[in-house]
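Everything on this sheet refers to the single structure shown next.
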Amino acid sequence: MLGAGYIKLWRSLLKWEWYSDVNVSRLFIHLLLTANYEDTTWRGETIHRGQRLTSAAKLAEETGLTTKEVRTALGKLTRTNELTIRTTNKYSVITVEKYDFFQSPTDPMGKQEGEQPGTQRASKGQTKGEQPGNKGRINKAIIQESQEENISSSGGDAHAREAAESAVAEYLGYRCLDASTYFGVSEQELVTVAAYTDAIFARFARRPPTDADRASVFQAIHLSERDEQTGTWTVTFPKDRIDLLMYAFEQAALAGKQGDWKYINGVLGRLAQRGISSLGQAEDYDFDRDENKGAF
């Protein structure tokens with residue numbers, strides 16, 4: 001970890017939507033502090049300026065947060081496009097998307113003297129000292145600031161929005177819609193889910209999978225168990241559940257509903273109603289059904 005030098009931390013960060021969320025702001029500032037300030041190479045891979053090669057467990061150790069708190073905070077920051085995360089089976093590369101924006105030589109979110117609230121003067125060309133490529137980021141900040149002021153003037157409240165974001169994040173974790181917040185999930189499990197999702201969609205769907213698709217695959221195939229003695233949660237992916245999910249995708253494809261989760265969940269629901277818990281049982285049911293219809 002870096003032990004010298006400094007970063008710029010502008011007071012305009014006080015207006016940031018996540019500032020009052022202690023875990024999220026702590027983690028984000030920690031990533032600003034520890035991200036590469038110049039491109040480096042690690043084992044043949046280039047880690048660019050604004051990136052950090054790490055893991056949830058390592059970030060937990062460095063910040064004093066729990067691993068679950070780190071994953072929840074990362075989930076919030078990725079949902080609002082502050083970060084992007086590329087995960088392998090050994091580590092994650094986290095990119096602070098607005099690193100140059102936050103490390104600009106002039107406060108990119110500040111107001112020029114004499115400006116009207118909620119606006120910034122447009123400059124012709126590039127301002128002296130401005131980082132190359134920052135123009136689009138600054139314009140985005142102007143739009144966001146204007147939108148925030150419009151919300152405020154129309155009766156919106158920052159605390160209400162924060163509470164709503166928190167409630168949504170908790171719901172996603174509770175409902176398994178954000179696998180990274182689920183008890184017992186490690187980075188290896190997330191990699192496994194992503195691999196199954198990519199392989200299934202490559203064979204049975206006509207579109208590339210999204211993060212929502214990966215969350216739905218996780219919900220369909222995971223089994224979560226808690227050790228009563230240690231209180232530790234573990235997550236596994238039983239083969240029967242994976243087989244039945246592929247069966248449901250196959251049925252959706254045969255019906256012209258490739259990758260349609262409404263249809264897929266309908267198939268899975270009917271299997272559960274019939275007490276079918278393995279691919280063999282599903283095939284037996286299909287055989288008996290077709291035989292009764294005179295297909296043989």
Under the side-chain contact (heavy atoms from CB on, under 4.5 Å) criterion, do I94 and L74 qualify, and how do the steps go? CA-CA 9 Å; I94 298 177; L74 289 174; 4.1 Å; yes

Show your reasoning for whether salt bridge (charged side-chain N to carboxylate O under 4.0 Å, His left out) applies to D21 and R26. CA-CA 8 Å; D21 188 316; R26 178 185 181 88; over 6 Å; no

Assess whether side-chain contact (heavy atoms from CB on, under 4.5 Å) is satisfied between L77 and V24, documenting all intermediate values. CA-CA 7 Å; L77 290 168; V24 175; 3.5 Å; yes

Apply the test side-chain contact (heavy atoms from CB on, under 4.5 Å) to residues N23 and T72: give CA-CA distance (whole Å), side-chain angles for both, the deciding distance (0.1 Å), then the verdict. CA-CA 9 Å; N23 291 347; T72 300; over 6 Å; no

Audit row: R86, E45, salt bridge (charged side-chain N to carboxylate O under 4.0 Å, His left out) steps and yes/no: CA-CA 13 Å; R86 179 171 59 83; E45 179 172 359; 2.2 Å; yes

Verdict with supporting geometry, L31 and L83, side-chain contact (heavy atoms from CB on, under 4.5 Å): CA-CA 10 Å; L31 289 170; L83 306 175; 3.7 Å; yes

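What you find for G50 and A35 is that their closest heavy atoms are C-CB, 3.8 Å. The shortest heavy-atom contact between R49 and D39 is N-OD1, 2.7 Å. Between P238 and T236, the closest heavy-atom pair is CD-O, 3.5 Å. Considering every non-hydrogen atom in both P209 and T197, the closest pair reads CB-CG2, 3.6 Å. Taking both residues in full, the closest heavy atoms of A282 and L271 are given as CB-CD2, 4.3 Å, listed atom of the first, atom of the second, then distance.
Cluster annotation: L33 and Y37 are assigned to the same hydrophobic cluster (Ile/Leu/Val/Met/Phe/Trp/Tyr, side-chain heavy-atom contacts under 4.5 Å, transitive). Linking ILVMFWY side-chain heavy atoms closer than 4.5 Å, directly or via other members, places L9 and L27 in a single hydrophobic cluster. Connection of I7 to L59 is established within a shared hydrophobic cluster, with ILVMFWY side chains joined at heavy-atom distances below 4.5 Å, either directly or through further cluster members.
Residues S25 and W16 bring no donor and acceptor atom of their side chains to less than 3.5 Å of each other.
For the atom pair T34 OG1 and L53 CG, the distance stands at 11.0 Å (nearest 0.5 Å). Note: W18 CH2 to K76 NZ = 5.0 Å, rounded to the nearest 0.5 Å. Considering CD of Q258 and CG of D260, their distance stands at 9.5 Å, rounded to 0.5 Å. Note that the CZ atom of R241 and the CD1 atom of I221 stand 9.5 Å from one another [nearest 0.5 Å]. To the nearest 0.5 angstrom, L32 atom CG is 9.5 Å from E82 atom CD. The distance from the OG1 atom of T95 to the CD1 atom of I85 is 9.0 Å, given to the nearest 0.5 Å.
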Show me the side-chain donor-acceptor pairs of residues 243-251 shorter than 3.5 Å, one per line, residues at least two apart or across chains.
| from | atom 1 | to | atom 2 | distance (Å) |
| --- | --- | --- | --- | --- |
| D243 | OD2 | K239 | NZ | 2.7 |
| Y247 | OH | D286 | OD1 | 3.0 |
| Y247 | OH | D286 | OD2 | 2.6 |

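A donor-acceptor contact shorter than 3.5 Å is absent between the side chain of E69 and the backbone of L65. A donor-acceptor contact shorter than 3.5 Å is absent between the side chain of T40 and the backbone of N36. Judged by distance alone, the side chain of Q51 and the main-chain N or O of H48 form a donor-acceptor pair under 3.5 Å.
Side-chain contact between L268 and N265 is present, with heavy atoms from C-beta onward closer than 4.5 Å. Under the 4.5 Å side-chain criterion, counting only non-hydrogen atoms from C-beta, I264 is in contact with W261.
A salt bridge links E62 with R52; the closest basic N to acidic carboxylate O contact falls under 4.0 Å.
The salt bridge (charged side-chain N to carboxylate O under 4.0 Å, His left out) test applied to R207 returns D213, not counting sequence neighbours. Under the salt bridge (charged side-chain N to carboxylate O under 4.0 Å, His left out) criterion, D198 pairs with R214, not counting sequence neighbours.
Ring pair F218/F237 is perpendicular by interplanar angle, where above 60° counts as perpendicular and below 30° as parallel.
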